[in-house]
Amino acid sequence: MANLPVLQFEEKILETVEQHPVAVIIGETGSGKSTQLSQILHREGYTKSGIIGVTQPRRVAAVSVARRVAQELDVCLGEEVGYAIRFEDRTSERTCIKYLTDGVLLRESLANPELNKYSVIILDEAHERSLNTDILLGLMKRLVTRRALNLKVLITSATLDGDKVSKFFSNCPVMTIPGKLYPVEIFYSHERPKSYLESSLKTALDIHTREPEGDVLIFMTGQDDIEKLVSKLEDRIRSLEEGSCMDAIILPLHGSLPPEMQVRVFSPPPPNCRRIIVATNIAETSLTVDGVVYVIDSGYVKQRQYNPSTAMYSLDVVQISKVQANQRAGRAGRTRPGKCYRLYPSTVYQDEFLDATVPEIQRSSLAGSVLYLKSLDLPDIDILKFDFLDPPSTESLEDALRQLYLIDAIDENGSITKVGRTMAELPLEPSLSRTLMEANEYGCLSQALTVAAMLSAETTLLPNRSKNTEKKRKHNHMDLPDGSGWGDHIQLLQIFEFWHQTNYSIDWCKDNGLQVRGMKFVKDVRRQLAQIMQKIAEGSLDVQTSGRWVESQQSYLKLRKALCKGYANQLAERMLHHNGYRTLGLKPQVVQVHPASVLKADEEGKLPDYVLYHELIATTRPYLRTVCAVDIKWVMPIIDKINKLNIIKLSGGIDRIQEGTEGNVSDMPKEEVVVAGVPDDSESRIQAARERFLARFHFHIPKTSHSGERSIALLSVWRMAKMMEPAVNVCGWTGVLSQLHADKPPKEVTIEVRNVLSFTLGSSVVFPVQVF
DNA sequence: GAGCACTGC
């Protein structure tokens, strides 16, 4: 401990902190900043006037660093040194150094915006730029001026953007503390490989046969590639000549691996044996594998990003940033000098890689964050002008406002509502907190709590779906409830109620392929949510899980209705002739229900007309994941609301000029264009669709106007039709145009649209347009 | 017959 680099800078750090309210610290790996900064300031007496709070982006880090510091100070964990993470507050009145996740600090700041009990706040690992840390950065900037006399803020940053952070905090000082990494030699490939899977394989074999002992860590993008590479490596190494080199163990490492498989990387290899670990970027920051000497870096990462203009997430393989590349290389130099093989040329690193990873705040849906900021009620904060280190796009903020408006969290002027205020109290995404409130009204709060809790843990619930376990799972899963056909939310409810009925049996989880840890987490979340709801309601609510598992259509109905209200921003309408869906909203997207969904089709093989979805994410295709059938009656008022939505009022601006965006419903000249006439009512489904079409858009083609204008008007109608049914194409368009351009235009023309999605039968829908 | 990287309240 005595030789930790950070301690050599003690005096300089104290001097800087003394003179400045904010300072940036570039602390390289192994500098000891996480454990020592707090102790240095504690020794100097900064804990006399308040607590030193240190935020971490991850729970395990908060706990393990706190434990370490308690040890070093020789105190009991939870006394002078403590930590606070969700479900676990190990602090006491005596606590003066507190480690906490950034999310917990945000929650605290909701109750006490000035964070008065803290004399020092250290945002550790801020260079990872988690969504929460970025919001904290903005709040800190404001707080240091308001509490200039009694608050010190320290922010850690990466080498490459320390100056940017400093600039953000009015050119505050930047200190660099060297790390304690061993040198890592970097090798670049001459060109980018055609297949980085093959290239990784070859490089790994080269290392294994030629280099002295030391483990190999390979960074891949996802489970699929990892499994492929692992099996190829096993084959090739098995075929190596006996005794020609040491043994090898190949270990996969990724998030959907059950915990007991993940911890295998922490047990050291047997003698004369090399471990080859094939990992996702989980090994970049979250898990540290000891003994790694060689790193193979594919240069890619799978990243989730949100596109506010389509309201859709996508999961893309993208190039890593320089910061990430360096972090990966650093994994080779923890125990002794190492080597890093980059499967890309140095010019790619220099010219193509971004300096730092795009911060999460620019890659996420911001509904939750915007609601949080609105609920802080800071008089000097305007959401669209909130001071972010890297501001999200206006489009993204407006998208968040639209979403919040649809679920009644803000009113048409963009002010937070009473409902919104309550929603912000709940540690859930807005759709779910809105659902809980509505469920409370309908008397199905207990069920809604369960669904919300299940969704918070959903990804960790079901075991990994590799090919061989799949069959086993299918076989065993016969007795898991199926959502009674209503979809995945109801199934999640039923699973939990079933488990409750077994008295939370661990064996039952195992028999049904459910992760025990995940289910316990659900129970915790559910209890926490129930407590908060009780507090909000200031009275006793019925939050008990029903004693006996019974399929209750009545309560499912109420629950689905509550969900529909909560997910007003995430609804989709089925296409006329097939089971594809189109999202409702400003820019409808053609999507499909994820194959893993339990949503059931009717006797004719058709899925429900309307569904709500928990997530819309494009992987190989855009998929709705976790859906629930809803009734058209509940959807109609929401469609109305969507159509009336006015973003200019919502964002609180009145002086902005309305742009005539193409295809924007509210921009259509309503008096001029009317679609009328529904001659063919043979099929009720088409009839219903036409009615909706008519209900939503009133077009009117004026007979007196110039024929050119008529065709423009008709073009608008067509554009609308395209919006309603994006997977269609028009037929005989030129014929329609020439009819309109004739001296005596007909009173009625027909647009015939044909479905172009490959999996349909080429059926067509006719939208007649009457010319008055 | 197709399939989600990693965190967190």
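Naming convention: chains lettered A, B, ... in sequence-line order (proteins, then strands); numbering from 1 in each chain.
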Problem set entry | Check against ring pair (Phe, Tyr, Trp, His ring centres under 6.0 Å), A/Tyr300 and A/Tyr196 | CA-CA 9 Å; A/Tyr300 290 101; A/Tyr196 66 92; 5.3 Å; yes
Problem set entry | Audit row: A/Tyr83, A/Glu88, side chain to side chain donor-acceptor pair (under 3.5 Å) steps and yes/no | CA-CA 8 Å; A/Tyr83 65 86; A/Glu88 219 181 327; 2.5 Å; yes
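- Here the C1' atom of nucleotide B/dT7 and the CG atom of A/Leu287 are 12 Å apart, to the nearest Å.
- We find that CG of A/Leu257 is positioned 14 Å from C1' of B/dA5, with the value rounded to whole Å.
- Contact annotation: A/Thr285 side-chain N/O to B/dC6 OP1/OP2 distance is not under 4.0 Å.
- The residue among A/His594 and A/Ile282 whose nearest nucleotide of DNA chain B is located toward the 5' end is A/His594.
- Here the side chain of A/Arg59 is nearest to one of B/dG8, B/dA2, B/dA5, namely B/dG8.
- If you check every strand for non-hydrogen atoms under 4.0 Å, A/Glu615 touches a base.
- As a whole-Å value, the separation of A/Asn132 CG from B/dC6 P is 19 Å.
- A donor-acceptor pair under 3.5 Å links the side-chain atoms of A/Ser130 to the main chain of A/Thr133, judged by distance alone.
- Nucleic acid contact class of A/Val104 (heavy atoms, under 4.0 Å, all strands): sugar-phosphate only.
- Rounded to an integer number of Å, the gap from CG of A/Leu371 to P of B/dC9 is 18 Å.
- Of the residues listed (A/Val289, A/Ile277, A/Val295), the one engaging A/Arg331 in a side chain to side chain contact (heavy atoms under 4.5 Å, CB included) is A/Val295, and it is the only one.
- Among the atoms of the strands shown, none is found under 4.0 Å from any heavy atom of A/Ser130.
- Within the 4.0 Å cut-off from OP1 or OP2 of B/dA5, at least one side-chain nitrogen or oxygen of A/Gln223 is found.
- Heavy-atom nearest nucleotides on DNA chain B were determined for A/Lys302 and for A/Pro427, and the one closer to the 5' end corresponds to A/Lys302.
- Between the C1' atom of B/dG8 and the OH atom of A/Tyr372 lies a distance of 13 Å, rounded to the nearest Å.
- For the pair A/Arg328 CZ and B/dC6 P, the computed distance is 12 Å after rounding to whole Å.
- Relative to the side chain of A/Thr280, the nucleotides B/dT7, B/dC9, B/dA5 differ in distance, and B/dA5 lies closest.
- When the C1' atom of B/dG8 is taken as reference, atom CD of A/Glu88 falls 15 Å away, rounded to whole Å.
- Across all strands shown, A/Leu315 has heavy atoms under 4.0 Å from base atoms, whether or not it also approaches the sugar-phosphate.
- Counting only heavy atoms from C-beta on, A/Arg58 has its side chain closest to B/dT7 among B/dC6, B/dT7, B/dC9.
- Between the CZ atom of A/Phe87 and the C1' atom of B/dT7 there is a distance of 15 Å, rounded to whole Å.
- With B/dA5, B/dA2, B/dG8 as the candidates, the nucleotide lying closest to the side chain of A/Tyr623 is B/dA2.
- Between A/Tyr306 and A/Tyr313, the two ring planes are tilted [angle within 30° to 60°].
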